[in-house]
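For clarity, every value in this text was computed on a predicted model and none was experimentally measured. What you see below is based on every heavy atom in this structure, not just the backbone, and it leaves out hydrogens, waters and symmetry mates.
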Amino acid sequence: MLNLQTILRGFEENGLKQESLYKADEILAKLDIMAKKEFDRDIAEQLFQQCKPTQLNLKIVYRIADIGQTIIDAIQLQAEKARNAEQQLKQIQQNKVICESQLAETSVYSNTRYLFLTLLCAKNIPLQLKYTNCHIQLTLGVINQIAKPEQQYDKVNPEFNQEFEFSVPPLISTLQIQFFIRTENTLPILWGQAQLKIQQLDDQVIKQVELKLVDPVGRDLGSTIELEAQIVLNKHQYLQAQLQKFEQKIFTLDNDLIEYKNNLEIIERPFKAKQLSKEQNNKQLSSNIFNQQLHTSQNQQDQDQNIYEIDQQQHQLNSPQEHKEQILSILQSDKQIEIQDETPEAPEILQHGVIIFTIYGLITLFVCSAKPSFLDVLVCHGLMFTILMDRFEPFHIKLVGAGLLASILYDILWMKQYHLWWYSDDQNNPEWGLNAVNLLRFVLIFTYMQFLYKFVVCYYLYQFHRESIDPTKRYVFTIWKIQYKVGKNRESVTWQ
């Protein structure tokens, strides 16, 4: 999934700065160019409605940073809707299979009544009970079923959200509901109970019921049980109706899922078009190489056939060597294709980091030739190892950052001595030799530059840590027309 940095970088590459203000038409024009097709105007209108506008000279303008955040929010929302639709679709498909299985087992002429019940929650349970656990027992005739609350529930309003099915005997007309509580090291205690009159329910009509709980003596406890219930006189017809509802829900969810994924693809396309184009070019290159190899192989087979007809013995001597060379050529071509596919362009922060670390290394080498600071040398090597040895692991970056902070503290301790050296009138400084004031001040200027530059290096190390560059991938970056690859299976430096 795209992140905010990728969105803003995509806009900036097309001339839209993140802190600048632009009209909606200007942003839409850039989105059309980035997507290489017209951006959906209905989706664009919804994005602008969700983004906070700014009024400038009686014109409505938008900040690119706000637009980027709105796009990220829209992507997350569509992805969440797609995930929920997939989960619901999977659950309904499972319920449909169960329904079909039960439908095959039931008879059209069955006279058995069925009670379908969804136990929702209990409400207004007194806080002074201080129970540790609770459950509800449903009793219909001689059949008992237990409902337990969800893993994390409110002691005052415990939620159950469980479904039950009862086969109703001919002479039974009441469902007994009992609420039990339990404290530590005690058995369950009946606290309240209620009754559901089955004759009050209509055939295949879901009815929401709220029953008052009373104690065993019959006194009102001020608490209630909420549930949904329906009576089914013919289960076969009921299951057929349920099956139709499941099919309708599956159809609706399929359409919703297609819509969510299509919206997600439309929103992400302007920022993935460049990568998709590279992938398509790589696939086309692979296809061309394969066709070329196939054509070459066919020509080679024709030549081999002619050679076989002319001189069968000479063909037997040369064929193994030619076959071996052909296999090696194909393997090398496949390896080149794989390397091209696995080499994305390096992040911009990596390219800037190389320049920053190199300049810092040059300053450090000059300063350390005059100032005894092995810590600065170690930090300099650690920074260069980060790029040249592909040490992008968070532990290595944190280790180098800690050394850099320690060197800053070390420089602060030296500041007082630097100050004394700068204003020193001693022409025979034992550290620098005779008449070395000018050289001393020149070195100290570079020392102050190095001290300030360290804060810039700290910022780029922090950005490296945020970017989370994958050390198992290869990247390519270009500096002064020199292309350099880092990461897995990296190759040597090449001129662009």
Side-chain angles (χ1 to χ4, degrees), residues 1-88 252-253 255-278 344-353 394 455-456 458-470:
M1 186 178 294
L2 298 174
N3 55 31
L4 182 59
Q5 290 294 112
T6 305
I7 299 292
L8 297 178
R9 189 183 303 122
F11 278 124
E12 190 168 350
E13 289 175 354
N14 287 271
L16 301 181
K17 304 299 181 182
Q18 59 177 315
E19 297 300 331
S20 300
L21 299 173
Y22 300 92
K23 293 188 294 185
D25 294 341
E26 296 175 331
I27 299 174
L28 277 177
K30 291 297 183 181
L31 288 174
D32 293 340
I33 296 174
M34 294 164 64
K36 299 182 179 179
K37 60 184 295 188
E38 186 179 46
F39 192 83
D40 190 283
R41 290 311 187 251
D42 293 334
I43 295 179
E45 183 178 356
Q46 296 179 27
L47 290 175
F48 287 122
Q49 289 176 354
Q50 296 297 323
C51 184
K52 181 180 179 181
T54 302
Q55 189 169 2
L56 181 65
N57 297 330
L58 301 178
K59 295 181 180 179
I60 301 299
V61 292
Y62 299 88
R63 198 166 64 100
I64 290 299
D66 295 336
I67 289 290
Q69 185 59 52
T70 303
I71 291 175
I72 289 297
D73 295 340
I75 290 174
Q76 293 176 350
L77 178 62
Q78 295 298 320
E80 182 67 23
K81 286 183 177 180
R83 283 194 297 269
N84 292 338
E86 288 176 347
Q87 293 176 359
Q88 295 178 20
T252 303
L253 286 173
N255 291 335
D256 291 343
L257 187 58
I258 292 173
E259 180 182 356
Y260 298 148
K261 290 185 176 180
N262 183 53
N263 292 342
L264 191 61
E265 193 274 335
I266 291 174
I267 297 172
E268 290 182 338
R269 180 177 177 82
F271 310 98
K272 287 186 175 181
K274 186 176 180 181
Q275 183 66 25
L276 292 174
S277 177
K278 287 184 179 180
E345 185 178 353
E348 186 177 359
I349 187 68
L350 181 61
Q351 303 195 38
H352 292 170
F455 292 96
V456 180
C458 283
Y459 169 77
Y460 273 88
L461 276 179
Y462 172 72
Q463 292 296 326
F464 268 38
H465 186 266
R466 282 187 59 193
E467 286 288 333
S468 298
I469 299 174
D470 191 348

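For Y260 (side chain) and R83 (main-chain N/O), no donor-acceptor pair under 3.5 Å exists by modelled atom type. Remark: side-chain polar atoms of K30 are not paired, donor with acceptor, to backbone N or O of L16 under 3.5 angstrom.
Using a 3.5 Å distance cut-off with no hydrogens or angles, the side chains of E259 and N255 do not pair a donor with an acceptor. T6 and N3 are linked by a side-chain donor-acceptor pair at a separation below 3.5 angstrom, with hydrogens and angles left out of the test.
For the residue pair P53 and I60, the shortest heavy atom distance occurs at CB-CG2, 3.6 Å. For L4 against G68, the heavy-atom pair with the smallest separation is CD1-C, 3.6 Å. The two residues L8 and A65 come nearest to each other via the heavy atoms CD2-CA, 3.9 Å.
With contacts defined as side-chain heavy-atom distances shorter than 4.5 Å, the pair I7/I67 does not qualify. By the 4.5 Å heavy-atom criterion applied to side chains, N262 and I266 are counted as neighbours. Residues L264 and E268 have side chains in contact (heavy-atom distance under 4.5 Å, counting atoms from C-beta outward). Contact annotation: the side chain of I71 approaches that of F271 to within less than 4.5 Å [non-hydrogen atoms, C-beta and beyond].
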Criterion side-chain contact (heavy atoms from CB on, under 4.5 Å) on L31 and N14, from CA distance to verdict: CA-CA 9 Å; L31 288 174; N14 287 271; over 6 Å; no
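Here T54 contributes atom OG1 and Y62 contributes atom OH; the two are 9.0 Å apart, rounded to the nearest 0.5 Å. Atoms CD1 and OG1, from I64 and T70 in turn, are 10.5 Å apart once rounded to the nearest 0.5 Å. The CD atom of Q88 sits 5.5 Å away from atom CG of L253, with the distance rounded to the nearest 0.5 Å. How far CD of Q5 is from CD of E12: 10.0 Å, rounded to the nearest 0.5 Å.
Just one of E19, K52, K17 meets the side-chain contact (heavy atoms from CB on, under 4.5 Å) condition when paired with R63; it is E19.
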Residues 41-51, side-chain donor-acceptor partners within the protein, below 3.5 Å, at least two apart:
from, atom 1, to, atom 2, distance (Å)
R41, NH1, D32, OD1, 3.2
R41, NH1, F39, O, 2.6
R41, NH2, D32, OD2, 2.9

